[in-house]
Q: 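The structure is given below, and queries will be raised subsequently.
Note that ligands are numbered from 1 as they come in the structure, with each ligand's atoms numbered from 1 the same way.
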Amino acid sequence: MTAIHSLKDLCLHELSDLYSAETQIIEGLPKLIAAVSNKKLSQALSQHLTATQGHLMRLDKVFDKLGEKPSGEVCAGMKGLITESTKLLAKGNSIDAPLLDAAIISAIQRIEHYEMAGYGCARTYCQQLGESDCEALLRATLFEEDEADKLLTRLALDEINLKAQKAIGASA
Ligand SMILES: [Fe+2]
Ligand SMILES: [Fe+2]
């Protein structure tokens, strides 16, 4: 880990963590999308994948504005979350489609909350450091992560968890 001796160092550490997290999501999300059965969920996740590519571009802009580069360090937190989510898809782990959809929502909401924690802190550091352009870019991403999280909650409550509950009933 790069040495942290100032709030700017801490901010760069946080931004590098987010850079790695977003990169890992872009790589990992397609596997989860491919395993989804519900059309609305699949669309929501595909849209969030496109948004995620935008998040990485915003981070590039933030680093450019700060005159810095991501450290290249792998975000172990996101690595763990992606490993957890892809465990659901492991061979021999045959989960009924409606239950798998509900489980994928749960796994992705963990990822969104991780991102929101990171963006919330990084945004605050940029604000304190007087980097208002960077703060605005990070705030825009934070808003999109929050919207994605809320949409997943709505899909779960309106439809997917109900179908998952029926799936339990069918096999009981
Ligand atoms: Fe993101
Ligand atoms: Fe996200």
Q: Check all N, O or S atoms of Glu115 and name the one closest to the Fe ion (ligand 2).
A: OE1
Q: Can you name the N, O or S atom of Glu112 that is closest to the Fe ion (ligand 2)?
A: OE1
Q: Determine the sole option in Glu145, Glu147, Glu144, Gln43 for which the side-chain hydrogen bond (donor to acceptor under 3.5 Å, both in side chains) test with His48 is passed.
A: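 Per the side-chain hydrogen bond (donor to acceptor under 3.5 Å, both in side chains) rule, the option paired with His48 is Glu145, out of Glu145, Glu147, Glu144, Gln43.
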Q: Surrounding NZ of Lys8 (heavy atoms of other residues, nucleotides or ligands, distance under 6.0 Å), is the total greater than 12?
A: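 More than 12 within 6.0 Å, yes.
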Q: Could you state the interatomic distance from CD1 (Ile82) to SG (Cys75), rounded to the nearest 0.5 Å?
A: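 It is 9.0 Å, given to the nearest 0.5 Å.
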Q: Can you give me the OE2-the Fe ion (ligand 1)-OE2 angle for Glu145 and Glu22, to 10°?
A: 100°
Q: Quick one: do the Gln128 and Thr124 side chains pair a donor with an acceptor below 3.5 Å?
A: no
Q: By atom name, which N, O or S atom belonging to His55 lies closest to the Fe ion (ligand 1)?
A: ND1
